[in-house]
Amino acid sequence: MSASKNSAADPTSVFPTSNIDPYSDEFLSNPYPYFEEIRSLGPLVRLEKYDCLVTADYGVVNEALRNHEVFCSSGGVGLTNFHKEKPWRPPSLVLETDPPEHTSSRQILSKVLSLPALKTLRDKFEQEAERFVSEVITSGAFDAVTDLAEVYPLKVFPDAVGLPTQGRENLLPYGSMVFNALGPRNHLFEVAFENAKPVQEWILFHCRKENLSADGLGAQIHRLAEEAGVPEEKACLLVRSVLSAGLDTTVNSIGSALYCFARYPQQWQALTEDVSLARNAFEEVIRFEGTAHSFYRTTTQAVTIAGMAILEGEKILVCLAGANRDPQKWQQPDQFLISRDCRGHAGFGIGIHACVGQMIARMEGESVLKALAKRVKTIKLAGEPVRRFNNSLRGLASLPVEVELI
Amino acid sequence: MVKVMYIEADGREYEVEIAAGDTVMQGAVDHLISGILAECGGSCSCATCHCYVDEAWVTKIPDPSDTEEDMLSAVEERKPTSRLSCQITMTDGLDGLVVRLPESQY
Ligand code: HEM
Ligand code: FES
C-alpha cells in the first residue's frame, strides 16, 4: 500500500500497523526510537495490541489537538474509552471534558494559575529554591531526584495550594495513580493502586474548602467557583485536578532537567555563564525529555487528516514527546540546546487543553535551575540513573550526581 | 491568506502571510518573530503575547474578553491599544493589520 498516492480527495482508511507496545518497559525507558519507527511507518499508525491509532508526527499532533470538536477529550485522555467503559473515578471537569463544560471550569483554573496571578508567589518560589539548593550542594554529592526534584515541589506546591504539612506523602502516590490509570490495567497500574484507598481519601478530604488554608490557590478556586455559581462538589473536583496534575509532572521534569545537564556539560556551562537562560532551558527540557509524553483523543465523527480517513469513535494516542522530536519541525531534534527557539513545542499540550498549570511549572523549573546555576560549576553523573516507570509520565526515580561549586 | 505586519520594539519590520482563522500570535511564532513569547501557546494565561494594535485597526477587532482584560491588567507598559495577540483571530477584514511589539514581555 502506498500512502503517498492518496490525494486529499482520496483518503485511505488502511493504516500501517505496528506491534509496538507503548506500555512495555522498553518503550517507557526510551520511547524515542519507537517514535521514529512510528513516524517512518506513517503519520497515523494502528497499534495492533490496543486496537487504537497512534501519531508521533508534529503536523498531525498539532492539527488534531487544535481540532477539539472532532478530537475530543470527554472519551477520556487515557486508553479507556469513557463513552463505552466506566472510568476509575469521576472524570476530571477540565482534562476529560469538552466545551462548553470545559470552558467554564477552565476559566476558573486559568484565572488562579495565570502568570500575572502567580506574581506574588515568585519570590517565595525563588527563595525556597535557593534554600534547597544550598542545602543539597554542600556535601558535593546528592541524589538529584530524591534530594531535590522531589522535595522542592513537595514544599512549594502544596504550600501554594494551601495544604497542611501533614499527609503530603499522599500526593506523589496519588499522581502516580492518576497517570498510570491513563494506560492499560498492567502491572504498573496494579502497583500504583495497591494502597489506593487511604491515598484517595486524603486527597478528596483536602479538596474541600474547609480543609484548605484561607489564602491558597485551592481557596481561590473555591471562591471563584462560588462566584460563578458552580456547586461545591464541582469546585472540589477542580481542586482535585490541581492536586492530580500539579506535582508528579514538575517532580519528573526537574529530575529530567538535571539529567539533561549531567549529560550535556557544555549546556550547563552556557547556563552558568548566562543565568537568564534558565527559563528557556527548562522549556527545552520539556521539549527534549517530554514528561507527559502522550494523551489520547477520541474522534466524535469521521475525519480525514494527513490523507488518512479516521472513523468516528476511534481512540488515538497523541505522542507529544514524539512531536517534539519530529525532524520535520525541529532542526537537530535529538540535541538538547538551551538557547533553541522551542516555541510551539507540544510538551505542555496544544489547544484548549494545553496545561493550565504551566506557569507554575515553569516558575518551579526556572527557580531551581537559576539557583543551581548561580552556585554549581559542573554537574556529573555519580552512578546509574534509575528510571521511574509510569504508563504516561516520563522521569527518573534516582539520579546520583556530583557537583563542583563555583 | 492575509497579511500581518509585525514591528519589533527596535523598529525591525516583518510582513508575513498567515491563514485567515489563525491568530496574530500564531503568525509570529510560525515566522520566528522573537518579540512574542506566547509561553502558554494561546490559552490566554500568560500575557507574554502582548502587542499594540495600530490605531487604524483598533476598532476593527472585537473587544477583549473578561479573561483577556484580566491578563492585560498585569502586562508591563499597558497602553489603550494593548491586546493579547493570541486572542486576535485573523479574518479577511483584518488583511494588512499592523501590530507593534513591546520591548519586553515580562
Ligand atoms: C512540567 C510540568 C507539567 C507538564 C509537562 C504538564 C503537561 C500537561 C499536558 C501535556 C497537558 C495537556 C493534556 C491534554 O491535552 O490532554 C496538561 C494539562 C493540564 N495540566 Fe499540566 N503539566 C505540568 C504541570 C502542571 C501543574 C503544575 C498543574 C497544576 C497546577 C497542571 C495542571 C494541569 C491541568 C488541570 C490540565 C488540564 C487542562 C485542560 O484540560 O484544560 N499541570 N498538562
Ligand atoms: S499566548 Fe499566552 S496569553 Fe497569549
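Just so we're on the same page: letters track the sequence lines, and every chain starts at 1. Note that the structure is a prediction, hence the values are computed from the model and not measured.
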Item checked: Any donor-acceptor pair under 3.5 Å from A:R343 side chain to B:I36 backbone -> yes

Notebook entry, point to check: If only atom types and distance count, is the side chain of A:R362 paired as donor or acceptor with the main-chain N or O of B:E39 below 3.5 Å?
Noted result: yes

Next item on the list: Taking all heavy atoms of A:A354 and all of B:C40, pick out the closest pair and write down the distance.
Entry: CB-O, 4.4 Å

Check: Roughly how far, to the nearest 0.5 Å, is the OH atom of B:Y106 from the NZ atom of A:K119?
Finding: 11.0 Å

Checklist line | Contacts with chain A made by residues 18-27 of chain B (heavy-atom distance under 4.5 Å), listed by residue number | finding: B:Q26

Notebook entry, point to check: So which bits of residues 48-67 of chain B come within less than 4.5 Å of chain A, counting non-hydrogen atoms only?
Noted result: B:T48, B:T67

Notebook entry, point to check: Side chain, backbone, both or neither: which part of B:L37 has a non-hydrogen atom closer than 4.5 Å to chain A?
Noted result: backbone

Next item on the list: Let me know which of B:S45, B:C44, B:S43 forms a side chain to side chain contact (heavy atoms under 4.5 Å, CB included) with A:S114.
Entry: B:S45

[X] [atom1]: over 12 foreign heavy atoms closer than 6.0 Å:
X: A:E69; atom1: CD; value: no
X: A:Q301; atom1: CD; value: yes
X: A:Q328; atom1: CD; value: no
X: A:K329; atom1: NZ; value: yes

